[in-house]
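Everything below concerns the one structure shown next.
One is the number of the first residue; the rest follow in order along the sequence. Start at 1 and go down the list; that is how both ligands and their atoms are numbered.
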Amino acid sequence: MISEALQRARDYESRYAPLIPDTERPLFHATPSVGWMNDPNGFSFYRGECHLFYQYHPYSCEWGPMHWGHLKTKDFIRWERLPVVLAPDKLYDSAGCFSGSAQELPDGRHLLLYTGVRRKGETDVQTQCVAVGDGVNYEKYPLNPVLDETDLPQGGSRADFRDPKLWASDSGYDAVIGNRTPDGSGAALLFHSPDGFQWTFARTLDRSQNRYGRMWECPDYFPLGGRQILFVSPQDMAPIGLEFHAGNGVVCLIGEEGKSGFVRQAVQAVDYGIDFYAPQTLLTPDGRRVMIGWMQNWNTVGHRLPGCRWFGQMSVPRELSLRDGRLTQAPVRELEQYRGEAVRYRGVPLEGPLTLPGVRGRVLDMTVSVRPAGDRLRAFRLYIAEGKGYETALRWDPEEGVMELDRSGSGICQDVVHARRFPVQAEDGGLTLRVVLDRFSVEVFASGGRAAASAVLCTPQEADGIRFEADGAALLDVEKYELVFDGREGESR
Ligand code: FRU
């Protein structure tokens with residue numbers, strides 16, 4: 001049975017989504033059907049296809065009572081729209097169906113585990129709830145909620161208990177869930193279920209202890225390269241050097257499963273740019289760990305493209321690996337299938353500014369390498385989305401080992417964060433950068449993906465220039481591909 005609230009949302013999106021022209025959207029980054037999108041939810045394989053749900057408020061470009069929007073894909077690049085699946089239509093989720101995850105059950109059904117939020121007096125009560133479906137329609141479990149405040153360890157907050165991420169384990173399912181501890185900061189709690197419906201608390205995996213932010217949102221826990229990785233998205237982080245900036249961020253805790261739980265060994269940022277939050281991962285049938293994140297930031301979400309009827313987009317799905325103990329990322333290899341003709345330059349002398357014939361565009365996949373030419377290379381700068389007074393800059397100081405992503409000239413005329421500096425060490429005195437552009441965003445993968453940085457752009461599409469610049473002397477290699485969809489080149493749309 002479809003509730004009135006869900007039917008209303010379905011009617012609304014089928015009426016208004018078709019009015020948004022493709023030219024107003026990115027070409028291969030997931031966006032909402034209409035209205036507002038935040039976190040990725042339920043990123044999972046089901047009957048051989050990858051499903052992606054998302055935090056969704058169809059009725060405006062503002063956050064509001066959360067629904068779950070729905071997309072699916074065969075290759076992580078082209079997304080098919082499906083009708084909204086969850087609306088806040090039960091008492092236990094009347095204030096919103098918050099973030100959660102999904103798994104295919106042995107009986108062929110698709111299980112969603114999400115946070116139901118209910119207002120009780122002055123506070124929210126957050127519980128975990130289940131819905132099952134067939135990839136299009138989902139029904140909420142009659143015995144919801146499946147976890148509530150009585151399942152929390154002592155002192156755990158019932159107002160901040162959310163974002164379950166589940167996976168299949170040897171004896172059923174495990175899930176990691178964010179919670180606020182009595183010291184006011186965050187924890188990642190582990191729960192177990194034999195069947196996906198009955199859940200019990202197992203243990204606390206790790207806690208912030210007020211060091212890595214306060215409430216830990218959207219945890220994820222998975223093996224990678226022989227280690228265990230715990231992702232958390234903390235609120236209210238204090239900055240730590242160039243590794244973590246103030247506010248919301250994403251922290252990667254690298255460790256091992258010891259006898260009594262997760263033993264933390266190293267900590268790093270997941271994305272050093274401006275817009276990245278609340279990522280979720282899945283394991284592909286061919287064994288890749290793929291992550292997708294919300295390409296936005298709660299502190300700068302105030303900005304909208306003028307007249308736009310959608311807000312929020314996901315990052316390109318990224319393959320994760322662990323190299324020399326560091327989390328490393330690359331856009332999913334499927335992106336390469338959409339590469340059009342290559343424009344290649346090798347060993348071009350770079351002293352001062354340079355533009356190269358054929359190297360421009362706003363929908364592309366480009367790899368740039370610079371190396372010092374005799375003299376020391378003192379600085380390298382790459383400008384993208386340039387023209388008509390706009391530009392977005394990547395400035396690299398090899399000596400300091402610091403890169404700056406600066407989008408102050410990207411059309412966002414609000415006093416919000418526009419620049420971030422992050423560590424990028426020279427390799428043999430040089431640098432390799434992969435840059436992925438898709439109309440309204442830039443994603444940068446430096447040094448073979450050891451540092452990723454994402455930012456949304458609002459620059460007019462005609463500003464499609466690319467310029468290179470060096471202080472000192474360098475040699476430059478460029479390999480640039482336009483990304484082509486349905487025989488049409490990205491930049492000509
Ligand atoms: C993270 C978050 C989650 C919550 C959802 C609500 O961005 O705050 O903790 O489930 O968004 O939309």
> For atom 7 (O) of ligand 1, which candidate among Asp163, Val117, Asp39 holds the nearest heavy atom?
Replying inline: Asp39

> Which residue from Met37, Gln55, Gln296 reaches closest to atom 12 (O) of ligand 1 through any of its heavy atoms?
Replying inline: Gln55

[X] with [Y]: basic N within carboxylate O range, under 4.0 Å:
X      : Y      : result
Arg207 : Asp183 : no
Arg203 : Glu257 : yes
Asp365 : Arg434 : yes
Glu104 : Arg47  : no
Asp271 : Arg318 : yes
Arg119 : Asp124 : yes

> Side chain or backbone of Trp298 under 4.0 Å from ligand 1, or both, or neither, by non-hydrogen atoms?
Replying inline: side chain

>> Counting only heavy atoms closer than 4.0 Å, does ligand 1 sit against the backbone of Thr115, its side chain, both, or neither?
In response: neither

> Under a heavy-atom criterion of less than 4.0 Å, does Trp63 contact ligand 1?
Replying inline: yes

Which ligand 1 atoms, with their elements, are less than 4.0 angstrom from a heavy-atom of [X]?
X      : result
Met66  : 12 (O)
Asn38  : 5 (C), 6 (C), 7 (O), 11 (O), 12 (O)
Tyr277 : 1 (C), 7 (O)

> Are the side chain of Asp163 and the backbone of Cys218 linked by a donor-acceptor contact shorter than 3.5 Å?
Replying inline: yes

>> Give me the nearest non-hydrogen protein atom to atom 8 (O) of ligand 1 as residue plus atom name, then the distance to 0.1 Å.
In response: Glu217 OE2, 2.8 Å

